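Quick caveat, the model's predicted, so the values are computed rather than measured. Counting convention: from 1, in listed order, for ligands and their atoms alike.
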Amino acid sequence: MENKKHGFGSSIGFILAAAGSAVGLGNLWAFPYKVSANGGAAFVLVYILCVIVIGSIAMISEIFIGKRAQANAVSSYKKANKNLGFLGLIAVLVPTIIICYYSVLGGWTLRFTVNSFQSIASANNAVSFGSFSSNVYEPVFFTLVFMVMASIIIMAGIKDGVEKSSKVLMPTLFIILVFIAIFCLFLGDGVKDGLVYYLKPNFAELGFSGVVAAMGQAFFSLSIGMGTLVAYGSYTGKEIKIGNATFMICLFDTLVAFIAGLAIFSAIGALQPESLKSAQGVGLIYVIIPQIFEKMGSVGQIVSFLFFAMVVIAALTSVISILEVSVQFITQKFRKNRKKVTLVMSLICFIISIPVAWSVGGAFDGKITIFGYDLLTFLDEISNTVLMPLGAIGACLTVGWFIEKKPSANPFKTLKSLQEEGIGLGKFGKIFAVMVKYITPLLMVFVEVMGVRGKFIEFGAKGLDYLPIVITALIIIAIMIALYFIFFKNKETGDNSVEEQLEK
Ligand code: PFF
């Protein structure tokens with residue numbers, strides 16, 4: 001790998017950083033309960049298919065777009081095709097929206113790590129979580145600490161910040177996870193019931209909505225459909241094998257999610273089987289799991305600390321990847337100092353996260369809502385249900401159709417030009433070319449349309465209207481397109497070499 005000051009120093013460094021982006025709350029929290037709620041092993045099967053048929057193709061596309069341009073997301077898409085730079089602008093904005101709620105959850109997790117050693121045995125944890133999350137100051141404070149941690153890493157840059165921290169944090173996370181999983185699998189009689197609840201295949205329960213959920217989960221979990229992989233990909237050199245790296249990242253991400261589910265459901269089955277049915281959403285990780293640790297006595301405090309520290313690590317390595325996208329773009333476009341840009345971006349995200357923390361935690365009597373939604377749900381729906389899938393479709397179509405000078409309908413001609421550009425992929429190349437051009441985008445469009453339709457029904461049943469979410473997302477897209485064509489298309493938007501120059 002070229003030894004640039006600002007790039008990854010090794011393939012493994014890139015793989016661990018991208019895996020760090022992928023492994024997050026989506027794996028340790030969302031995946032387990034989505035499996036149990038959507039048909040167990042049937043969901044796992046469909047999920048793995050989504051990772052192979054859709055996720056890996058989009059991931060290769062995004063890494064490739066960044067790698068070939070060696071530049072921020074806007075410049076990378078622009079370099080692929082001058083009229084597509086707006087996709088890069090969307091890919092900068094969406095992660096920035098995500099930080100504003102993801103760091104609130106990261107902050108909550110931090111609080112549980114810190115509090116693991118406080119005697120919580122006498123307190124009813126459900127109550128203590130409720131009073132913590134609805135407190136006006138505490139969640140904001142922990143969100144701030146979490147953001148500061150992420151900012152320090154990003155300020156240090158790719159090699160000294162992202163790569164170094166990932167090399168330490170990711171192996172640590174995996175060791176803790178394996179330890180906790182083994183510990184939980186030996187908790188006694190109820191483990192089997194917990195595992196059956198987690199994994200018993202039920203295709204009727206899966207249904208089409210389960211398939212849509214699996215695809216959404218795969219996107220979120222693999223950090224696809226926004227600029228993170230483009231940004232990280234841009235810091236890789238010629239030697240990296242995109243196909244191999246993608247395989248490792250997807251495998252690691254899926255493995256972590258699956259093992260987390262084994263641990264969590266074994267523990268619930270053994271120690272609190274009455275909670276199996278309610279092991280969902282926020283309650284799972286912040287109420288039920290702490291209750292279970294309490295039941296383990298003093299050992300529980302250590303396991304609790306390890307568990308939440310692991311979740312903090314996972315969330316932190318994800319947030320740094322999200323923060324990097326905007327920091328990279330602004331640093332390069334406006335030729336500003338990385339540290340200052342990081343500070344400003346973190347501050348903006350932190351300020352927005354304050355009302356989000358109050359809204360989702362229920363401070364001020366839960367009065368902070370928008371169109372009836374708490375702010376976290378609102379931002380999460382805009383980004384994950386609408387913008388992220390569109391970003392992933394955009395990445396595949398860019399590589400499949402628009403990156404060539406003379407696009408042709410023949411996937412093998414496309415492959416040839418992609419290979420000349422250095423996509424590699426070996427024997428897998430032919431399959432990739434057909435997938436990226438036709439199959440993956442079509443599947444994604446189909447599932448996306450059905451998914452949004454399902455959301456209208458799901459939220460409609462709760463008395464909420466989904467239209468404002470779709471309209472807000474469309475307005476965001478329209479604004480990004482307009483901004484791009486007015487301000488960025490014909491202007492210099494910088495590349496990674498700018499960061500090298502700025503240091504001189
Ligand atoms: N993949 C992360 C998770 O599973 O929690 C979340 C995430 C990270 C989403 C980075 C998006 C992103 F760009």
Side-chain angles (χ1 to χ4, degrees), residues 16-35 47 50-51 55 58-59 62-63 66 72-73 87-88 90-106 108-109 146 150 153-154 162 166 169-170 173 177 213-234 246 249-250 252-261 281-282 284-285 310-329 345 349 376 379-392 394-395:
L16 286 174
S21 170
V23 171
L25 296 170
N27 304 61
L28 302 178
W29 169 18
F31 182 86
Y33 77 76
K34 286 194 179 162
V35 171
Y47 179 83
C50 286
V51 171
M59 184 177 282
E62 291 185 16
I63 298 175
N72 63 74
L87 285 173
I90 296 173
V92 170
L93 183 75
V94 180
T96 311
I97 296 177
I98 294 184
I99 301 184
C100 302
Y101 68 83
Y102 204 87
S103 50
V104 172
L105 299 173
W108 286 3
T109 314
F146 186 78
I153 297 177
I154 288 301
V162 175
S166 304
L169 294 175
M170 293 316 288
L173 178 147
L177 177 69
M215 188 179 96
Q217 174 64 20
F219 278 159
F220 187 75
S221 188
L222 295 171
S223 307
I224 277 167
M226 40 194 122
T228 51
L229 290 163
V230 179
Y232 277 8
S234 80
T246 299
I249 299 162
C250 291
F252 189 70
D253 188 62
T254 308
L255 209 61
V256 169
F258 185 74
I259 298 176
V282 170
L284 168 64
I285 199 161
M310 167 179 81
V311 186
V312 169
I313 291 175
L316 188 64
T317 49
S318 293
V319 161
I320 60 173
S321 75
I322 318 183
L323 187 56
E324 173 59 30
V325 191
S326 55
V327 169
Q328 184 194 25
F329 172 60
M345 282 314 297
C349 291
L376 186 147
L379 296 179
D380 182 48
E381 287 296 331
I382 291 178
S383 45
N384 291 336
T385 309
V386 191
L387 295 174
M388 219 159 152
L390 291 181

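At under 3.5 Å, a nitrogen or oxygen of S223, whether backbone or side chain, sits near a nitrogen or oxygen of ligand 1. Annotation: L222 places no N or O atom under 3.5 Å from an N or O atom of ligand 1; distance criterion only. On a distance-only criterion, V23 and ligand 1 share no N/O pair closer than 3.5 Å. Polar contact check, I98 against ligand 1: no nitrogen or oxygen pair lies under 3.5 Å apart.
Considering only non-hydrogen atoms, atom 3 (C) of ligand 1 lies nearest to A22 out of G20, S383, A22. Across the listed options A218, S321, S21, P95, S21 owns the non-hydrogen atom lying nearest to atom 2 (C) of ligand 1.
Interface atoms of ligand 1 facing S221, defined by a heavy-atom separation under 4.0 Å, are 1 (N), 4 (O). Near G26, meaning under 4.0 Å from any of its heavy atoms, are these atoms of ligand 1: 3 (C), 4 (O), 5 (O). Taking every non-hydrogen atom of S318 and a distance limit under 4.0 Å, the qualifying atoms of ligand 1 come out as 2 (C), 8 (C).
By the criterion of a heavy-atom distance under 4.0 Å, the side chain of Y102, and not its backbone, is placed next to ligand 1.
Distance OG/S326 to CG/L93: 9.5 Å, rounded to 0.5 Å. Here CE of M345 is found 11.5 Å from CD1 of I154. Values are rounded to the nearest 0.5 Å. Between L222 atom CG and L229 atom CG the span is 8.5 Å, to the nearest 0.5 Å. One finds the OG atom of S318 at 11.0 Å from the CD1 atom of I99 (value rounded to the nearest 0.5 Å).
What sits closest to atom 11 (C) of ligand 1 on the protein, heavy atoms only, is M226 CE, 3.2 Å.
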V230 vs I63, side chain to side chain contact (heavy atoms under 4.5 Å, CB included): CA-CA, chis, key distance, verdict: CA-CA 5 Å; V230 179; I63 298 175; over 6 Å; no
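Between the side chains of S21 and S223, at least one donor N or O sits under 3.5 Å from an acceptor N or O.
Taking the six-membered ring wherever Trp is involved, the centroid distance between the rings of F258 and F31 does not fall below 6.0 Å.
Taking the side chain as every heavy atom from C-beta outward, L105 and F146 never approach each other to under 4.5 Å.
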